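Heads up, the thing below is written out as structure tokens.
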Amino acid sequence: MPELPEVETVRRALQATVTGRTIRSVRLSGLALREPIPRGFAKQVAGHRLTAARRLGKYLLLDLDGGLTMLSHLGMSGRWLFFPEPPSSDMPHVHARLRFTDGAELWFQDPRRFGLLRAVATERLERDRSLALVGVDPIQNPPAGAWLHARARGTRIAVKQFLLDQKRVAGIGNIYASEILHRAAVHPRLRAGRVPGEGWEAIAREIRAVLNEAIDRNGTTFSMYRTMWNEPGAYGDQLRVYDRSGEPCRTCGTPIRRIVQGARATFFCPRCQPASPRAARRSRGPRRRHSTAKPSVRQRQTRRKATSSGS
DNA sequence: ATCCTATCCTGTAGGC
DNA sequence: TGCCTACAGGATAGGA
């Protein structure tokens with residue numbers, strides 16, 4: 001569920017609320033997530049104060065004093081929930097409850113249990129078996145088009161799959177991969193090794209633009225994602241292709257198509273994202289979104305709607 | 001080495 | 001209404 005913008009939204013909320021608080025005690029559900037929460041977790045973190053909330057790709061890093069870091073991943077359905085005063089009624093699928101010395105609580109809820117929660121010595125984070133596999137973070141360290149181009153040389157996987165691989169660029173998931181490729185005008189099935197340099201320049205540009213715009217809107221709520229304040233993300237209105245199968249492309253009106261790649265849905269516009277570079281050159285003439293001086297009526301409406309509906 | 005498939009789990013939407 | 005199936009924002013072990 002949560003991709004980089006959703007995780008960043010959660011990180012900011014955690015940074016603003018739980019840093020400075022000291023953990024008094026921890027209760028665990030005992031159910032395994034992606035892997036079991038380690039037995040000693042509660043004892044490790046109890047008594048320590050949260051000093052910072054960081055993020056790497058889709059991983060959240062909650063630093064504690066004393067050189068310890070809580071490493072968490074939200075998987076498909078994970079949420080961190082903060083309660084200044086914890087509710088008396090129980091909630092389902094809560095796997096960890098951190099109680100602070102002031103009575104506030106932080107809960108980790110995860111119905112599908114694909115998430116992750118463990119404590120790692122801060123100085124050993126780079127060697128953590130999960131984090132060690134995480135590639136560059138596109139917000140902290142935006143990859144240049146040439147860098148992506150070089151990384152893609154010789155690889156035969158589709159460019160959509162390339163963007164989903166967390167070992168290269170970390171944080172892009174299934175929604176934003178489709179969105180980035182549409183805005184970059186690159187067909188998702190193109191082999192990454194065959195995407196031309198100008199394609200990678202466009203992809204690099206749109207990775208930054210899409211992720212930053214999504215962060216500005218607190219992410220996308222497709223079905224279950226909520227911010228830590230239980231509010232939906234507002235980027236949903238901005239989606240150009242994701243989950244819009246059959247609906248008109250917001251750029252050219254052509255019906256959006258849904259295909260399956262690696263058992264995941266991909267959405268794209270067959271006209272804006274031609275299957276071959278040759279076809280791309282052929283069709284580039286009539287509609288040049290990025291070079292027209294005047295935004296289209298539709299673009300202006302979208303912009304106005306976005307600014308007026310912002311929280 | 002690289003790439004692909006299946007798998008973990010629950011909730012929900014849509015078809016009948 | 002209820003039952004059934006398909007699918008969902010992720011990561012990864014293991015096989016090809």
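Naming: A, B, ... by sequence-line order, numbering from 1 per chain. Bear in mind the structure is a predicted one, so any value in this text is a computation, not a measurement.
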| Under 4.0 Å between a side-chain N or O of A/Gln166 and OP1 or OP2 of C/dG10? | no

| request: Mind checking A/Thr155 for me? I need base, sugar-phosphate or nothing, with any heavy atom below 4.0 Å counting as a touch. | output: sugar-phosphate

| said: One thing to verify: whether A/Asp128 and A/Arg118 come together as a salt bridge, which I'm taking to mean a side-chain N less than 4.0 angstrom from a carboxylate O. | reply: yes

| task | Check whether any side-chain heavy atom of A/Leu61 lies under 4.5 Å from a side-chain heavy atom of A/Leu125, and answer yes or no. | result | yes

| task | Sequence neighbours left out, what pairs pass salt bridge (charged side-chain N to carboxylate O under 4.0 Å, His left out) with at least one residue falling in residues 60-70 of chain A? | result | A/Arg54-A/Asp63

| message | Between A/Glu35 and A/Arg129 (salt bridge meaning N to carboxylate O under 4.0 Å), is one present in this structure? | response | yes

| field | Pairwise distance NZ(A/Lys43) to CZ(A/Arg39) - rounded to 0.5 angstrom | value | 12.0 Å

| said: Check this for me, if you would: do A/Arg34 and A/Asp110 make a salt bridge, where the nitrogen-to-carboxylate-oxygen distance has to be below 4.0 angstrom? | reply: no

| request: Please determine if A/Arg217 and A/Asp237 form a salt bridge, counting it only when a charged side-chain N lies under 4.0 Å from a carboxylate O. | output: no

| field | Rounded interatomic separation in angstrom, taking CG from A/Leu74 and P from C/dG10 | value | 11 Å

| If you measure from the C1' atom in B/dT10 to the same atom in C/dA13, how many Å do you get, rounded? | 22 Å

| request: Can you run down the ring pair (Phe, Tyr, Trp, His ring centres under 6.0 Å) pairs that involve residues 247-274 of chain A, sequence neighbours left out, and say none if there aren't any? | output: A/His187-A/Phe268, A/Tyr242-A/Phe267

| If you look at every heavy atom in A/Leu181 and A/Lys160, which pair is closest and at what distance? | CD1-CA, 3.8 Å

| said: Using whole Å, what does the distance between atom C1' of nucleotide C/dG10 and atom CG of A/Leu133 come to? | reply: 14 Å

| task | Rounded off to whole Å, could you give me the CG-to-P distance for the A/Leu60 and C/dA11 pair? | result | 12 Å

| Is a side-chain donor-acceptor pair under 3.5 Å present for A/Asn218 with A/Arg12? | no

| Of all the base pairs, Watson-Crick or G-U under 3.5 Å, which form stems of three or more consecutive pairs involving DNA chain B? | B:2-8 with C:10-16, B:10-16 with C:2-8

| remark: Assert: residue with more 5' nearest nucleotide on DNA chain C, out of A/Thr221 and A/Tyr59, is A/Thr221

| message | I'd like to know if the side chain of A/Glu198 pairs up with that of A/Trp200 as donor and acceptor (distance under 3.5 Å, no hydrogens or angles considered). | response | no

| task | Round to the nearest Å and state the distance from A/Lys167 atom NZ to C/dA11 atom P. | result | 10 Å

| field | Nucleic acid contacts - residues 111-119 of chain A versus DNA chain C, non-hydrogen atoms under 4.0 Å | value | A/Arg112, A/Phe114

| Counting any heavy atom closer than 4.0 Å, what does A/Tyr176 reach on the DNA or RNA strands: base, sugar-phosphate only, or nothing? | nothing

| said: Nearest whole Å is fine: how far is C/dA11 P from A/Asp165 CG? | reply: 10 Å

| Which whole number of Å gives the distance between the P atom of B/dA6 and that of C/dA6? | 14 Å

| Earliest and latest nucleotide of DNA chain B, 5' to 3', sitting under 4.0 Å from a non-hydrogen atom of chain A? | B/dC3 to B/dG11

| said: Rounded to whole Å, please give me the gap between NE2 in A/His73 and C1' in C/dT12. | reply: 11 Å

| remark: A/Glu201 and A/Ala146 have their tightest heavy-atom pair at OE2-N, 3.6 Å

| Counting distance only, does the side-chain N/O of A/Arg113 pair as donor-acceptor with the main-chain N or O of A/Ala32 below 3.5 Å? | yes

| Does anything in residues 256-267 of chain A reach DNA chain C, meaning a heavy atom under 4.0 Å, and if so which residues? | A/Arg258, A/Arg264, A/Ala265

| query | Closest heavy-atom contact between A/Thr101 and A/Arg24? | reply | O-NH2, 3.1 Å

| remark: Between CG of A/Leu33 and P of C/dT12 the distance, given in whole Å, is 14 Å

